[in-house]
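The block underneath contains the structure these notes are about, expressed in structure tokens.
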Amino acid sequence: MRYQRPKGTADILPKEAKQWSAVESRAREVFEKYRYQEMRTPMFESFDVFSRTSGETSDIVTKEMYDFYDKGDRHITLRPEGTAGIVRAYVENKLYGPEVQKPFKTFYMGPMFRYERPQSGRLRQFHQIGVEAFGADSPALDVEVISLAMALLNSVGLHSLKLSLNTLGDNESRQNYRQALIDFLEPHEAELSKDSKERLHKNPLRVLDSKDANDQKIVAEAPSILDYLTSDATKHFTLVKQYLDALEIPYEIDSNMVRGLDYYNHTIFEVMSDSKAFGGKWTTVCAGGRYNGLVEQLGGPETPGVGFGLGVERLLLILDAEDIELSEQQDLDVYVVGIGEKADIESLKIVQALRQQGFSAERDYLNKKPKGQFKAANKANANYTLTIGQEELDQQKVNLKDMRTSQQESVGLSQIYTDFAQAKSVLDEKEN
RNA sequence: GCGGUAGUGGUGAAGUGGUUAACACACCGGAUUGUGGCUCCGGCACGCGUGGGUUCGACCCCCACCUACCGCCCCA
């Protein structure tokens, strides 16, 4: 094979694309109910937009950025996630202005890029559907965003889900906890895994997330973030939990949960699935949280924010594993069987007329014999065929056949052009 | 970035260091001239991921590269 798609990319063929667009349209329906409006921002941004916000030491910035210098020597990055670009646009277009109602609630869907080793459900170009809500600190908004995430997943037929919840507190909480964690981990430094030793000083919270069994044993004894929250942070988190209870949304507190991006604070959450798509292991399909301070980081006024991102490829893997088919197949209404050269132009006119009358119509373009055309009609799941040849042309009639019952009736050509529905119903009635 | 497995036609795949690369499905054509879903018959890889090498000779052995899948890292 001469040309192949770049590593870590996928061609989405018609069959899969139907499922994609079904997911997208379900998502849009849910967003409409929650009053989140779409934004479309560039797929590439200035490198700094991400390096500043995601954290200079985060893995995304240090090794997963798809970046390059363009012909104008600008340092460009294909967006690795959605939030930073949305925030940039929010600030640049002054959506924080007084004429914009708060909270400003928006959603996006589209491709993201990370330079990493592909695996199933993890591509270099992957897709996310995400939401962001700016300008309100209320825990009720955190809960709206979480409930939106759940509603979205429910709307595509997923119900066996787990909501993991944690808080990172505010800045002060985080500073205090960070120090406490370092104080706790340093005596154990020698026992830690190689990766965790490195993380200990760069980003100690990441040690909590280690998959290493020995690390986990050590971490089990570590202090909990929940004991270092300021009273404000505690209050926020308490209310989030209370509101979730009020909505009867079950959740599990996971005080070791962290985020790969540095801009999060307060509430963070993940929605996980134990679908057989991932071998029954709990895998995150949707992750988000609050990011107060991010808007300032990108040059806007002090503005709180909260949102989530959902991995579309992962979602589709689950739907596939659970045999959930969202789009119902559309049968072909009419296949026009044309016989002989003279009928060619008539076939062309008939399919055109049928389509204008609102029916789906198809015809042959390969000069197939009638038998072949009927086979094609059958394969396309055609409900009706219209046969037109020399005889029919002479009499200005066509043969209308119901492919289900094989009943056939001669119908005036003019009626096909003016009102196919009528012709069809006459045939249907005769059959009954 | 590291480790492991794999790579034969549209698809699922069998295959051996030595003339014509099984089989099945799909697809196309035919079985009396203009009518489908069944059956029967026929066709369908100038080629075995790419490039080197070993050999009298390689799809089958060796090396490199590419890609996919799995694990690690990390994450959606």
Side-chain angles (χ1 to χ4, degrees), chain A residues 1-10 13 54 57-65 80-83 109 111-130 149 153 193-196 198-199 203 206 209-212 257-261 269-273 278-279 281 283-288 307-318 332 335-340 342-343 364 366-393 398-408:
Chain A
M1 215 155 288
R2 197 63 175 281
Y3 295 104
Q4 48 189 203
R5 69 182 97 88
K7 188 186 181 85
T9 61
L13 305 179
S54 302
T57 62
S58 70
D59 277 34
I60 286 188
V61 172
T62 55
K63 52 183 210 192
E64 290 176 1
M65 290 276 237
E81 56 105 25
T83 302
M109 42 181 77
M112 307 291 161
F113 306 84
R114 286 184 202 173
Y115 194 89
E116 62 180 345
R117 195 78 193 253
Q119 271 173 52
S120 82
R122 299 180 62 176
L123 296 169
R124 288 185 172 180
Q125 175 176 335
F126 62 106
H127 298 75
Q128 283 191 345
I129 297 175
L153 292 164
S193 67
K194 192 168 133 269
D195 290 318
S196 288
E198 209 162 303
R199 288 189 282 239
N203 191 349
R206 293 227 62 86
D209 204 32
S210 174
K211 307 290 187 297
D212 183 272
M257 181 166 75
V258 297
R259 270 289 89 97
L261 303 166
F269 68 94
E270 293 186 3
V271 185
M272 308 173 97
S273 159
F278 309 111
K281 280 187 293 187
T283 304
T284 303
V285 287
C286 176
F308 70 76
L310 176 146
V312 180
E313 280 81 0
R314 283 191 181 180
L315 177 58
L316 290 166
L317 280 177
I318 298 173
L332 172 62
Y335 189 101
V336 176
V337 178
I339 303 163
K342 294 261 178 54
D364 168 65
L366 301 175
N367 264 315
K368 280 189 187 160
K369 294 180 178 173
K371 185 189 177 83
Q373 296 191 44
F374 274 90
K375 277 191 175 184
N378 196 239
K379 232 163 270 170
N381 269 318
N383 290 324
Y384 297 92
T385 50
L386 272 178
T387 309
I388 181 148
Q390 191 57 56
E391 290 169 35
E392 289 80 0
L393 279 172
V398 291
N399 284 316
L400 173 61
K401 180 174 182 178
D402 184 330
M403 292 297 275
R404 302 266 158 77
T405 61
S406 296
Q407 290 297 307
Q408 189 164 267

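The sequence lines fix the lettering, A, B, ..., with proteins before strands; numbering per chain opens at 1.
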Could I get the full list of side chain to side chain contact (heavy atoms under 4.5 Å, CB included) partners for [X], not counting sequence neighbours?
{"X": "A:E392", "result": "A:I388, A:N399"}
{"X": "A:N383", "result": "A:D331, A:D333, A:R404"}
{"X": "A:L316", "result": "A:Q19, A:W20, A:V23, A:V312, A:L319"}
{"X": "A:K342", "result": "A:Q390, A:L393"}

What residues, two or more places apart in sequence or in another chain, satisfy side-chain hydrogen bond (donor to acceptor under 3.5 Å, both in side chains) together with [X]?
{"X": "A:S406", "result": "none"}
{"X": "A:Q373", "result": "none"}
{"X": "A:Y384", "result": "A:D428"}

Whether the side chain of [X] and the base of [N] hold a donor-acceptor pair under 3.5 Å is what I'd like checked.
{"X": "A:Q408", "N": "B:U35", "result": "yes"}
{"X": "A:R114", "N": "B:A76", "result": "yes"}
{"X": "A:S406", "N": "B:G37", "result": "yes"}
{"X": "A:E64", "N": "B:G1", "result": "no"}

For this session: Side-chain contact test, heavy atoms from C-beta onward, threshold under 4.5 Å: evaluate it for A:T283 versus A:I318 and give yes or no.
Result: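 Counting from C-beta outward, A:T283 and A:I318 never come under 4.5 Å.
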
Exercise. So what is the 5' to 3' dot-bracket string for RNA chain B, if pairs are Watson-Crick or G-U wobble with both distances under 3.5 Å, crossing pairs use [ ] and | means the partner sits on another strand?
Worked result: ((((((((.[[[..)..(....]]].(((((.......))))).....[[[[[..)....]]]]])))))))....

Exercise. Among pairs that include at least one residue of residues 117-130 of chain A, which meet salt bridge (Lys or Arg N to Asp or Glu O under 4.0 Å), considering only residues two or more places apart or in two chains?
Worked result: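 Found A:E116-A:R122.
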
Report all interatomic pairs (protein N or O, nucleotide N or O of nucleotides 66-71 of chain B) with separations under 3.5 Å.
{"residue": "B:C66", "atom": "O2'", "partner": "A:Q4", "partner atom": "OE1", "Å": "2.7"}
{"residue": "B:A68", "atom": "OP1", "partner": "A:G8", "partner atom": "N", "Å": "3.0"}
{"residue": "B:C70", "atom": "OP1", "partner": "A:S120", "partner atom": "OG", "Å": "2.6"}
{"residue": "B:C70", "atom": "OP2", "partner": "A:S120", "partner atom": "N", "Å": "2.5"}
{"residue": "B:G71", "atom": "OP2", "partner": "A:Q119", "partner atom": "OE1", "Å": "3.2"}

Exercise. Base, sugar-phosphate alone, or nothing: which one does A:E270 contact when heavy atoms must sit under 4.0 Å apart?
Worked result: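 No contact.
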
Between the protein and nucleotides 39-45 of chain B, which nitrogen or oxygen pairs are less than 3.5 angstrom apart?
none

For this session: Consider the side chain of A:K401, meaning its heavy atoms from C-beta on, and name the nucleotide among B:U35, B:A76, B:G34 that approaches it most closely.
Result: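 Side chain of A:K401 sits closest to B:U35.
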
Exercise. Out of B:G36, B:G34, B:A76, which nucleotide sits closest to the side chain of A:N378?
Worked result: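 Nearest nucleotide to the side chain: B:G36.
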
Exercise. What distance, rounded to whole Å, do you find between the two C1' atoms, one in B:A45 and one in B:C41?
Worked result: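 Result for the C1' pair: 22 Å, nearest Å.
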
Distances under 3.5 Å between protein N/O atoms and the N/O atoms of nucleotides 27-31 of chain B, please, pair by pair.
{"residue": "B:C28", "atom": "OP2", "partner": "A:K379", "partner atom": "NZ", "Å": "3.3"}
{"residue": "B:G30", "atom": "OP1", "partner": "A:K369", "partner atom": "NZ", "Å": "2.6"}

